[in-house]
4 protein chains.
Amino acid sequence: MHPRRPFVKTRRLDSFILCSVTPNKTPGTPRRNDRSRRAILDAARELVAEKGYAKLTIEAIAARAGVGKQTIYRWWPSKGAVLLDSVLALSQNGEGEGAEQAITLPDTGDVEADLKALMRATAAEFSDPSFEAPIRALNSEIANDPDLAAVYAEQVAAPVEEAKRERLRSARRAGQIAADTDLDLFLDMLYSPLYQRWLLRSGELTPQYTDRLVEAVLRAFPPAK
Amino acid sequence: MHPRRPFVKTRRLDSFILCSVTPNKTPGTPRRNDRSRRAILDAARELVAEKGYAKLTIEAIAARAGVGKQTIYRWWPSKGAVLLDSVLALSQNGEGEGAEQAITLPDTGDVEADLKALMRATAAEFSDPSFEAPIRALNSEIANDPDLAAVYAEQVAAPVEEAKRERLRSARRAGQIAADTDLDLFLDMLYSPLYQRWLLRSGELTPQYTDRLVEAVLRAFPPAK
Amino acid sequence: MHPRRPFVKTRRLDSFILCSVTPNKTPGTPRRNDRSRRAILDAARELVAEKGYAKLTIEAIAARAGVGKQTIYRWWPSKGAVLLDSVLALSQNGEGEGAEQAITLPDTGDVEADLKALMRATAAEFSDPSFEAPIRALNSEIANDPDLAAVYAEQVAAPVEEAKRERLRSARRAGQIAADTDLDLFLDMLYSPLYQRWLLRSGELTPQYTDRLVEAVLRAFPPAK
Amino acid sequence: MHPRRPFVKTRRLDSFILCSVTPNKTPGTPRRNDRSRRAILDAARELVAEKGYAKLTIEAIAARAGVGKQTIYRWWPSKGAVLLDSVLALSQNGEGEGAEQAITLPDTGDVEADLKALMRATAAEFSDPSFEAPIRALNSEIANDPDLAAVYAEQVAAPVEEAKRERLRSARRAGQIAADTDLDLFLDMLYSPLYQRWLLRSGELTPQYTDRLVEAVLRAFPPAK
DNA sequence: GCGTAAGCGAGACGGTACGTCACGTCTTAAC
DNA sequence: GTTAAGACGTGACGTACCGTCTCGCTTACGC
């Protein structure tokens with residue numbers, strides 16, 4: 001989307017949905033107005049929340065941000081890209097200016113407890129109305145735009161996935177899950193049902209549900225006795 | 001969407017994606033031109049496949065179907081509804097004219113073998129390019145339009161879900177899975193990972209993947225020894 | 001610009017600038033909203049007079065006319081074409097619905113008196129502020145758009161020119177100007193100086209000026225003694 | 001437009017369209033890049049000839065001239081002013097650097113012959129395609145922008161008009177035209193028809209036409225016998 | 001001979017208007 | 001008597017330029 005200078009520092013994550021990376025004013029070329037950039041991302045998020053993604057228009061974003069349309073088209077290739085960035089920006093507001101972060105998940109030594117906490121937090125995040133609309137929208141875009149999907153996968157999903165895998169490796173080392181556990185399959189089974197329920201509104205995301213899900217997944221990858 | 005008279009007959013399903021129901025010329029009421037209806041649904045499907053859902057327009061459907069726009073607006077409330085119907089129509093072409101069907105899944109007595117076959121078939125169906133575009137599109141609509149989601153859930157998902165549950169009940173009776181298995185959780189864990197991978201393009205849908213998925217899910221619900 | 005059905009009737013002209021022809025609802029094809037058409041032409045004329053041609057925009061015309069932009073683009077190929085039509089419509093408002101007219105000029109038998117009156121009237125017309133702006137604008141368009149120039153020449157200029165020539169033929173028959181007078185040259189010498197002064201604002205259009213102009217031109221084509 | 005120091009020298013004109021004056025680097029004040037100035041004027045002329053005046057943009061001029069937009073806005077108040085200067089520059093390329101010239105017209109003693117030659121040359125100049133587009137454009141601007149019209153009148157038209165009048169005074173002294181000839185009216189009648197034909201494309205500019213025009217105008221102002 | 005202020009290229013910015021597309025409603029000619 | 005055809009008001013699209021505004025840079029004075 002635009003040049004990024006990866007300056008990594010560590011950050012602890014408490015849920016799973018996403019987290020990422022602000023662009024970084026590459027000191028060389030593009031003299032970009034950061035006030036406008038922020039205003040655009042804020043406006044996009046607000047408008048999605050207010051009107052829904054279907055009624056989100058570039059013109060409305062520009063108007064609310066007090067910005068020319070061209071300033072949006074100059075820096076983002078599509079409405080979906082703006083939305084992606086606006087969600088990214090949201091996920092790290094207040095963070096150290098322009099720094100990438102490595103992500104780690106809590107590790108108390110008890111994988112079941114940790115995963116249950118994580119899943120409950122994730123479910124809560126899904127229910128937060130200020131996340132609901134933009135992420136649902138972003139999801140639609142990603143499902144239909146392979147380019148955006150690739151950016152999302154690289155910028156957003158990959159680091160989070162790696163953090164999840166790292167936590168499971170720790171559990172595997174501790175003998176809490178099978179030594180030959182396929183971490184990706186484990187994560188799919190853990191995470192997809194939650195995501196799917198939310199996306200298709202096919203059921204409530206209760207703590208009971210997530211707890212039982214964690215238990216079932218752990219049963220599927222039992223350590224050798 | 002429009003009045004339906006459920007006239008049920010039985011049909012065997014070999015995969016999971018969907019299956020349903022054409023509206024039924026309720027003999028009394030609306031003098032509806034079935035030639036037009038078919039032309040519209042065909043045109044919608046073709047156009048989604050050709051251009052993608054984002055570029056699907058009512059005007060293009062009407063033009064290709066050789067139909068006035070009004071004829072579409074008269075019978076469907078939204079683009080998503082046309083698409084839903086067009087996918088439904090596709091899923092049962094060649095079937096007995098205008099009849100609803102009860103659905104059953106294969107039951108050889110070996111639940112693992114049956115589920116592996118089912119999941120492989122489902123994965124194959126996801127890869128069929130003539131299903132790919134419209135279903136992906138339909139999915140976006142459903143994720144963002146709760147009304148459509150409700151119709152989908154009732155008309156499409158419910159009967160399939162019931163068939164899946166029925167097959168699992170049979171397995172439970174046969175002692176192949178735990179007596180206290182939560183069937184919905186079982187199905188979520190089985191089905192969501194596949195669906196999710198496809199939707200977000202986050203991985204290949206290989207037979208190896210589906211087989212290992214089935215095995216893992218079965219391990220999570222072991223019958224009492 | 002659009003189909004016209006020429007249904008001619010006679011009309012007396014008292015000045016030279018222009019006069020022409022409304023389009024005629026060709027009964028066949030285009031079901032055109034005449035209320036919109038009129039509103040557009042009126043709005044165009046008003047806006048040119050208010051803001052000047054340089055600041056005349058299609059959007060402003062559409063807005064003032066209470067009409068969609070597309071309705072303008074549907075029927076006129078360019079801003080200049082709208083303007084031409086709007087001036088044409090103006091030149092014959094109140095005239096018999098949709099009828100073309102043949103034009104005749106006053107003929108008292110005294111060519112000098114008639115031409116002086118005609119030139120004074122024309123000069124007065126040029127000074128009318130409600131003609132000033134649109135005609136000046138139209139002129140620029142014509143000077144730079146050969147297509148529009150052709151329409152103008154055919155629809156507007158030709159009938160007026162013919163009427164002028166006819167008046168001069170009458171004078172020639174009456175022995176008031178030379179028998180071998182080149183009518184086109186005569187008219188160029190009579191009319192261009194007036195037009196030029198107005199267009200380039202290079203001098204006042206006083207009755208003295210037009211009178212002396214008429215006298216000089218008549219001196220250039222004296223009848224044989 | 002910008003400061004000029006009039007340093008006059010004499011120049012013989014052979015036609016009527018225009019002639020004038022380059023600005024002059026007033027040695028004290030503005031450190032102006034003459035290479036840029038020339039590049040801008042050249043670019044403007046080329047682009048008008050290539051694309052037409054309607055599609056001439058400041059951005060395109062700047063781009064072709066390899067110049068920042070601000071450099072244009074710094075020195076010219078409007079597109080029309082650039083165009084005027086570019087035409088002026090054209091009319092005296094090769095002339096002595098930065099010098100104004102007094103203009104004289106050929107005077108062989110035979111006013112009819114001289115005027116015929118002059119009008120033929122002028123007509124030829126109008127037909128030169130490299131003059132056609134920019135002058136036509138300039139004309140539109142002048143017709144719609146009184147400020148520009150004033151600059152044009154003062155810088156371009158006035159000296160030429162004076163030269164024309166001077167030639168006619170000579171003819172009047174020589175008794176070739178009437179002693180009480182209104183020189184401005186004479187020039188209007190001589191010049192406007194030619195200009196008008198060209199501007200509105202209402203007829204060819206042949207030598208026959210200009211010759212007959214000269215003859216007719218001379219007939220209108222006969223010397224006393 | 002060395003800052004220093006100007007002119008300069010580049011181009012981002014807030015805007016306005018463009019000409020096009022599709023929407024959903026409506027009217028009409030013709031089958 | 002329904003339907004295809006398509007005009008209509010509406011509103012968003014993505015693009016082109018506008019005229020203003022920084023940016024670094026170079027360039028030529030004036031101290």
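Just so it is clear: chains get the letters A, B, ... in the order the sequence lines come, proteins before strands, and each one is counted from 1. Note that this is a predicted model, so its numbers are computed, not measured. Note that these values count all heavy atoms, side chains included, but never hydrogens, waters or copies made by symmetry.
Here CD of A:Q155 is found 8.5 Å from CG of A:D85. Values are rounded to the nearest 0.5 Å. The distance from the CG atom of C:N33 to the OG1 atom of C:T71 is 8.0 Å, given to the nearest 0.5 Å. Between the CG atom in C:L88 and the CG atom in C:L138 there is a gap of 8.0 Å [rounded to 0.5 Å].
With B:W75 as the aromatic partner, B:R37 does not meet the cation-pi criteria of under 6.0 angstrom to the ring centre and within 45 degrees of the ring axis.
Distance A:R31 CZ to E:dG9 P: 15 Å, rounded to the nearest Å. The distance between atom CG of D:N33 and atom P of E:dG9, rounded to the nearest whole Å, is 7 Å. Atoms CZ (D:R64) and C1' (E:dA10) sit 19 Å apart, rounded to a whole Å. In this structure, the CD1 atom of C:I40 is 11 Å from the C1' atom of F:dG9, given to the nearest Å. When the P atom of E:dC21 is taken as reference, atom CD1 of C:I72 falls 17 Å away, rounded to whole Å. Distance, D:R37 CZ to E:dC8 C1': 17 Å, rounded to whole Å. The separation between C:R32 atom CZ and E:dA29 atom P is 17 Å, rounded to whole Å. Rounded to an integer number of Å, the gap from CG of B:D34 to P of F:dT3 is 12 Å.
Considering only side-chain N and O atoms, B:W75 lies nowhere under 4.0 angstrom from the phosphate OP1 or OP2 of F:dT3. Contact annotation: A:T71 reaches the phosphate of E:dG14 (side-chain N/O to OP1 or OP2, under 4.0 Å). Listed pair B:S36 / F:dT3 fails the phosphate criterion, with no side-chain N or O lying under 4.0 Å from OP1 or OP2. In this structure, A:W76 does not reach the F:dG14 phosphate: none of its side-chain N or O atoms is under 4.0 Å from OP1 or OP2. Phosphate contact (OP1/OP2 of E:dC13, side-chain N/O of A:R74, threshold under 4.0 Å): present.
Annotation: side chain of C:V87 is not in contact with side chain of C:L84 (no heavy-atom distance under 4.5 Å).
Heavy-atom distances to DNA chain E give each of A:V67 and D:G66 a nearest nucleotide, and the one nearer the 5′ end belongs to D:G66.
A salt bridge is defined here as a Lys NZ or Arg NE, NH1 or NH2 lying under 4.0 Å from an Asp or Glu carboxylate O, and C:R64 with C:E50 meets this definition.
For the residue pair D:E141 and D:Y152, no side-chain donor N or O sits within less than 3.5 Å of a side-chain acceptor on the partner.
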Just the atom pairs and distances: protein N or O near nucleotides 16-19 of chain F's N or O, under 3.5 Å.
residue	atom	partner	partner atom	Å
F:dC18	OP1	D:I58	N	3.0
F:dC18	OP2	D:I58	N	3.2
F:dC18	OP2	D:E59	N	3.1
F:dG19	OP2	D:Y73	OH	2.8
F:dG19	N7	D:K69	NZ	3.3
F:dG19	O6	D:K69	NZ	2.6

